[in-house]
Amino acid sequence: MIKSQLKQRVDHCYQLGVEKGLWTDAAADSYTIEVPKRDGQGDFSTNLAMIVAGKEKRNPREVASQLVELLGGGDALLDKVEIAGPGFVNFFLNRGIWSSVLPKVIEQGDCFGLADFGEGKKVLVEFVSANPTGPLSVGHGRNAILGDSIARVLAAVGYDVQREYYFNDAGRQMRVLGASTKARYLELLGLDNEFPEDGYQGNYIYDIGRRLQEESGDGLKDKDVLFFKDQAQKHIFADIDSTLKRIGIAFDSYFNEHTLYEDGLIDDVVDKLRNKGLVYEKDDATWFKTTEFGQEQDRVIIKNTGEPTYRLPDIAYHREKFRRGFDWMIDIFGADHIATVPDVMAGIRALDLDDSKVTVILHQFVTLLRGGKQVKMSTRKATFVTVDELVDEVGVDALRFFFLMRKPDSQLEFDLDLATSQSQENPVYYVQYAHARLCSIERQAKEQAVAVGELDAADLLLLKEEEELALLKTMAGYPAMIAGAARDLAPHRVIFFLMELAGQFHRYYNKHKVLGENPELTRARLQFCRALRVVLRNGLHLAGLEAPEKM
RNA sequence: GCGCUCGUAGCUCAGCUGGAUAGAGCACCGGCCUUCGAAGCCGGGAGUCGCAGGUUCGAAUCCUGCCGGGCGCACCA
């Protein structure tokens, strides 16, 4: 916002210097404008002079002084420019400039912070993608929140985002599910049954059996495993859907692996690879020459049973994504899927597709702590915690907030006792409370019949407290934060921004009165608060969180 | 053994394409409610950024090698 105004100015002066022969344009894209950490170093600073000096083996401070001369100062935007340290150029902006964000924030409202540099490009975000063998567990929860948040952030900067869920309802695991379900059904009827050795032991299988019993009595006892598989799948998917809905996630599309077979796309991929000489037979299996793509060994794509391994449909699926015309494809996987990534990428390249259009985000695991001890989880055993249970304990907002607090690369420790027993000190409330407080101030103003007046009736230059200036700067940085979060696929920055903004506001609130004796100042501060509320609400919504008016 | 990833305050983690004197929350201790909501604020102290080299004006950030945790290394997904 204000930074981009400054950036334009610096770019212009830099080019001016190029024309004058002061330096080359070698540093054009590599210098940055940042907010200095310490007071006295200005509102912004640039390392331009040091970059130029580095490239041209010159004295940075000398370059800086030439730049300063071109930049000028003492105008509407720039108050003064200084050289500091090893060659930083510090910008001191005209103090009044900061309050100019307020009208923009208030006018743009819900749209403040949005950008359009995504240019409407089609992005497919694939996430969750859990096969319907059981309810979503904690790991899926992180995947779901991460994927959804990335989708939200990308949409906010102008991408045309589609959320997709890829699943497979065939195969060995699903047969085991069917057999497990049938066994439980028979068991509930008091009949002989054989529970599979590696069957799914979760209680939800009993639940499904019970429902079948309620619906059909013992009429299903002679149905085959396939029937029970279909029934189990139907119920489990319904549960998954309701869980996702509960945490505010809606998919635009579901892609069933099965369609790849029906449409002959699996065979087609094999043919294509075979024609390129990248496939061979050995030990009754079909192998893909992944060694041609930098891997240590070739991989089997069709087993000696005639069944494809997971990587073949994965490759075919990604080719479908390309065919469907996406400009960018993002996969959100748990860290345990890391081995598949090179295989799929190799497949993509082997099919002459551009693998740089595919970005894989691998998130680390979630470790649950209960009673100070790590909860061991296994999908087969009944020892996993579901997303639903987590939501029951901590609520949707806390769930989203906690899952977003860490960058994907970090392991996430979720202390259930802490999240439940100390929910009063939960950071999500800290942020939401700031919003509620702002709403409360507005209500108070209304009750006291304070004349808020029109926006242009307030003298925003009265906002000159240190805390006000800091908050104005933070608000002005909101669009840049979103842009960065989108660029780096790092939605956790939204959370950190919200904590910072809320913290600054709480401090301000305790030190300065919004509704005071001076009507002019009160008017200005009410506008200020209105803008704060907009930014806080936008940020909360961007993270999929509620922005409560009362708590 | 190989690959990926992480290692920053007692704990959990930020640190945005290398930048100026290293940040937050929690926990601990001490203060603040007759005044816009105390789910809040103020004050206190704590780190050889895993270790050792290297790259350069400058490294928590990039490179190499070790150490340690996690995840993978199937004709499972």
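So you know, we letter chains A, B, ... as the sequences are listed, proteins then strands, and number each from 1. These numbers come from the heavy atoms of this one structure, side chains and all, not from hydrogens, waters or symmetry mates. No experiment lies behind these values; they were computed from the predicted model shown.
- The residue A/Ala436 sits close to a base: some heavy atom pair falls under 4.0 Å.
- The same atom, C1', is picked in B/C33 and in B/A39; the two are 14 Å apart, to the nearest Å.
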**Nucleotide-resolved protein contact map, nucleotides 70-77 of chain B, B/S/- at heavy-atom distance under 4.0 Å** = SSSS-BSB
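- An OP1 or OP2 oxygen of B/C6 is reached within less than 4.0 angstrom by no side-chain nitrogen or oxygen of A/Lys407.
- Note that OG of A/Ser137 and CZ of A/Arg142 are 13.0 Å apart. Values are rounded to the nearest 0.5 Å.
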**Request:** Could you provide the dot-bracket string of RNA chain B, using ( ) for intrastrand pairs, [ ] for crossing pairs and | for bases paired to another strand, with Watson-Crick or G-U pairs below 3.5 Å?
**Result:** (((((((..((((.....[...)))).(((((.......))))).....(((((..]....))))))))))))....
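- Of the possible donor and acceptor atoms, one in the side chain of A/Asn47 sits under 3.5 Å from a partner among the backbone N and O of A/Thr32.
- OP1 or OP2 of B/A20 sits under 4.0 Å from a side-chain N or O of A/Lys37.
- Residue A/Tyr430 places at least one side-chain N or O closer than 4.0 Å to OP1 or OP2 of B/C41.
- Distance check on atom C1': B/G45 versus B/C26 gives 15 Å, rounded to whole Å.
- Applying the 4.0 Å criterion to OP1 and OP2 of B/C57, one finds that A/Arg61 has every side-chain N and O outside that range.
- Going from atom CE of A/Met551 over to atom OH of A/Tyr433 covers 8.5 Å, rounded to the nearest 0.5 Å.
- Counting only heavy atoms from C-beta outward, the side chains of A/Asp343 and A/Tyr310 approach each other to under 4.5 Å.
- Among the heavy atoms of the strands, none lies under 4.0 Å from A/His435.
- Residue contacts for A/Ser440: at a heavy-atom cut-off of 4.0 Å it reaches a base atom on one of the strands shown.
- A distance of about 16 Å separates the C1' atoms of B/G68 and B/C49, rounded to the whole Å.
- Residue A/Arg38 is classed as a base contact, given a heavy-atom separation below 4.0 Å to a base.
- For the OP1/OP2 pair of B/A39 and a distance below 4.0 Å, the side-chain nitrogens and oxygens of A/Tyr429 include no atom meeting the criterion.
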Got a list of protein N/O to nucleotides 30-34 of chain B N/O distances below 3.5 Å?
none

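- To the nearest 0.5 angstrom, A/Arg400 atom CZ is 10.0 Å from A/Glu546 atom CD.
- Anti is the classification of B/C57, since its glycosidic angle lies more than 90° from 0.
- Between A/Thr32 and B/U17, a side-chain N or O to OP1/OP2 separation shorter than 4.0 Å is absent.
- Considering only side-chain atoms of A/Glu413, the nucleotide from B/C13, B/C36, B/G15 that sits closest is B/C13.
- With respect to the salt-bridge test (charged N to carboxylate O, under 4.0 angstrom), the residues A/Lys321 and A/Asp331 qualify.
- Note: OH (A/Tyr31) to C1' (B/A20) measures 20 Å, nearest angstrom.
- Within the nucleic acid shown, A/Met481 has no heavy atom closer than 4.0 Å to any nucleic acid atom.
- Between A/Phe237 and A/Tyr254, the ring planes lie perpendicular to each other; the angle is over 60°, past the 30° to 60° tilted range.
- A distance of about 12 Å separates the C1' atoms of B/A60 and B/G47, rounded to the whole Å.
- Note on A/Ala480: nothing from the nucleic acid sits closer than 4.0 angstrom, heavy atoms only.
- Taking atom CG of residue A/Leu412 and atom C1' of nucleotide B/U12, one finds them 10 Å apart after rounding to whole Å.
- With a 6.0 Å cutoff to the six-membered ring centre and a 45° limit on the axis angle, A/Arg437 counts as a cation-pi contact of A/Tyr509.
- Across the C1' atoms, B/A46 and B/A22 are found 13 Å apart, a figure rounded to whole Å.
- Taking atom C1' on both B/G7 and B/C51, the two are 11 Å apart, rounded to the nearest angstrom.
- Shown are A/Glu468, A/Glu467, A/Glu465; of these, the salt bridge (Lys or Arg N to Asp or Glu O under 4.0 Å) with A/Lys511 is made only by A/Glu467.
- Remark: the separation of the P atoms in B/U64 and B/C4 is 9 Å, to the nearest Å.
- Nearest heavy atom pair, residue A/Gly87 against residue A/Ala64, reads O-CB, 4.1 Å.
- In this structure, of B/C13, B/C42, B/C16, it is B/C13 that holds the atom nearest to the side chain of A/Arg406.
- Note: A/Ile150 CD1 to A/Ile361 CD1 = 4.5 Å, rounded to the nearest 0.5 Å.
- Put simply, the side chain of A/Asn304 never gets that close to the backbone of A/Ala285: no donor and acceptor are under 3.5 Å apart.
- Between the side chain of A/Asn90 and the base of B/A20, at least one donor-acceptor pair of N or O atoms lies under 3.5 Å.
- When rounded to the nearest whole Å, the span between CG of A/Asp397 and P of B/A39 equals 18 Å.
- Judged purely by atom type and a 3.5 angstrom limit, A/Ser440 has no side-chain atom pairing as donor or acceptor with the backbone of A/Ala436.
- Judged by closest nucleotide on RNA chain B, A/Ala490 is the one of A/Ala490 and A/Tyr508 placed further toward the 5' end.
- Here A/Phe88 lies in heavy-atom contact (under 4.0 Å) with a base.
- Side-chain N/O atoms of A/His492 include one lying less than 4.0 angstrom from OP1 or OP2 on B/G15.
- Across the C1' atoms, B/G25 and B/U8 are found 15 Å apart, a figure rounded to whole Å.
- Remark: P of B/A20 and CD of A/Glu34 are 8 Å apart, rounded to the nearest angstrom.
- By the 30° and 60° cut-offs, the orientation of the rings of A/Tyr508 relative to A/His512 is tilted.
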